[in-house]
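Here the structure comes first, spelled out in structure tokens, and everything after it is commentary.
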Amino acid sequence: MTVFGYVRVSSRDQNEGRQVAKMKALGIADRNIFIDKASGKDFNRPEYQTLRRALQPGDLVYIDALDRLGRNYDGIISEWKYITREIGADIVVLENQSLFDSRNFRKMGDDGAIGKLMEDQFLSLLSYVAEQERKKIRQRQREGIEQAKAEGKRIGRPAVSFDTMSEEQRKTWREVYPRWKSEQVKAVEFMRLLDVKKTTFYKLVKEYESKQASA
């Protein structure tokens, strides 16, 4: 049996450290902790899909909370059943461990039918709650955007320039720009390291080279 941990935060700005610490406290090896920084609206996440392919019968997956698995009502039920019934692995949700440990459901009834019935009821209830929370978050986001627009505030990420760059971005620029110019690093990789989009990247290049030419 291999023990895995699955960790998810909704965006790159969020810190996964708390969840990872819980997995390590359970003795899970770093190589068996899969981390996604992505929305829970669907299951098309690279690390989750890798974990899914790695699971074997008898394996065990720890998740901090049910909404870390996902926030889509039908998807949560489908994925849970796929892992526990088709693959034959088990899932433990740390936040509700007394209720959500699939190993316990397997023990109910001689043929497992009662356990499956109880598991289905709990899944339906909590996955519904998770989806409702996702809808509330989206509603609050919409309301916040509408309020900001009404107040004349800028919506979206602030424009990046050399004046607004973080110190980390400046350091990355100094280190990578010469390598990009000499074609040792591709533009796409440079953009990823800076965490900027294509249009912003080329504005920065133009701004930088203009400053260099006038220096």
Side-chain angles (χ1 to χ4, degrees), residues 1-109 112-142:
M1 179 187 79
T2 303
V3 180
F4 296 95
Y6 179 68
V7 170
R8 184 185 68 80
V9 291
S10 297
S11 70
R12 295 180 65 180
D13 296 334
Q14 292 181 321
N15 192 324
E16 71 278 11
R18 180 186 61 83
Q19 294 180 58
V20 172
K22 285 188 177 183
M23 301 304 165
K24 290 185 176 181
L26 292 167
I28 303 174
D30 287 346
R31 66 178 179 277
N32 292 333
I33 300 174
F34 294 81
I35 304 170
D36 275 314
K37 294 192 174 187
S39 167
K41 66 181 180 180
D42 60 43
F43 294 86
N44 188 26
R45 310 172 215 136
E47 291 299 300
Y48 178 76
Q49 291 299 323
T50 300
L51 168 63
R52 205 173 185 265
R53 291 190 294 269
L55 287 173
Q56 299 292 324
D59 287 346
L60 179 61
V61 182
Y62 282 96
I63 303 169
D64 183 39
L66 190 65
D67 63 0
R68 298 305 89 198
L69 177 61
R71 289 188 180 274
N72 176 277
Y73 175 75
D74 293 327
I76 292 172
I77 294 176
S78 176
E79 290 300 309
W80 184 286
K81 289 181 178 179
Y82 176 78
I83 289 172
T84 62
R85 299 180 189 179
E86 293 190 38
I87 295 177
D90 282 298
I91 303 173
V92 175
V93 178
L94 295 172
E95 187 178 67
N96 304 97
Q97 191 167 350
S98 60
L99 296 176
F100 273 79
D101 182 336
S102 64
R103 296 171 298 183
N104 294 335
F105 292 112
R106 293 186 191 279
K107 301 173 185 176
M108 295 180 180
I114 295 176
K116 286 182 180 179
L117 177 62
M118 294 295 293
E119 187 177 40
D120 286 347
Q121 290 178 338
F122 279 120
L123 277 173
S124 295
L125 174 61
L126 289 195
S127 59
Y128 173 79
V129 170
E131 180 165 323
Q132 292 307 304
E133 180 60 24
R134 182 171 68 90
K135 289 180 178 178
K136 287 180 183 178
I137 290 171
R138 291 175 65 184
Q139 178 63 27
R140 288 195 294 267
Q141 288 173 337
R142 284 195 296 268

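- In this structure, F100 and W80 have perpendicular ring planes: the angle between them is above 60°, well past the 30° mark.
- At distances below 3.5 Å, at least one donor-acceptor pair connects side-chain atoms of D59 with backbone N or O atoms of Q56.
- Side chain of D36 to main chain of A38: no donor-acceptor pair is present (N/O by atom type, distance under 3.5 Å, no hydrogens or angles).
- Across all non-hydrogen atoms, the minimal contact from A65 to E95 is CB-OE1, 3.6 Å.
- For R45 and F43, the positive end sits near the middle of the six-membered ring, less than 6.0 Å away and at most 45° from its axis.
- Residues M1 and G58 come closest through the heavy atom pair CG-O, 2.8 Å.
- Remark: S10 OG to K41 NZ distance equals 11.5 Å, nearest 0.5 Å.
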request  = Please assess K24 against I33 for the test side-chain contact (heavy atoms from CB on, under 4.5 Å), listing each intermediate value before the final yes or no.
outcome  = CA-CA 9 Å; K24 290 185 176 181; I33 300 174; 4.0 Å; yes
Take V9 and Q19 through the side-chain contact (heavy atoms from CB on, under 4.5 Å) test and state the conclusion after the steps. CA-CA 9 Å; V9 291; Q19 294 180 58; 3.7 Å; yes
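- Here CG of D101 is found 7.0 Å from CG of D90. Values are rounded to the nearest 0.5 Å.
- Two residues are said to be in side-chain contact when any heavy atoms from C-beta on lie closer than 4.5 Å; L26 and V3 fail this criterion.
- Paired with F4 under the rule side chain to side chain contact (heavy atoms under 4.5 Å, CB included), one option of I28, I63, L60, L55 passes, and it is L55.
- Residues S102 and A89 approach most closely at OG-O, 4.5 Å, considering heavy atoms.
- Y48 and Y6 have their aromatic ring centers within a separation under 6.0 angstrom.
- Closest approach of R68 to D64, counting heavy atoms only: CG-CB, 4.2 Å.
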| task | Kindly determine whether V92 and R103 satisfy side-chain contact (heavy atoms from CB on, under 4.5 Å), including the steps that lead there. | result | CA-CA 8 Å; V92 175; R103 296 171 298 183; 3.7 Å; yes
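- Atom CD of E47 and atom CZ of R52 lie 15.0 Å apart (nearest 0.5 Å).
- For the residue pair I76 and L66, the shortest heavy atom distance occurs at CG2-CD1, 4.0 Å.
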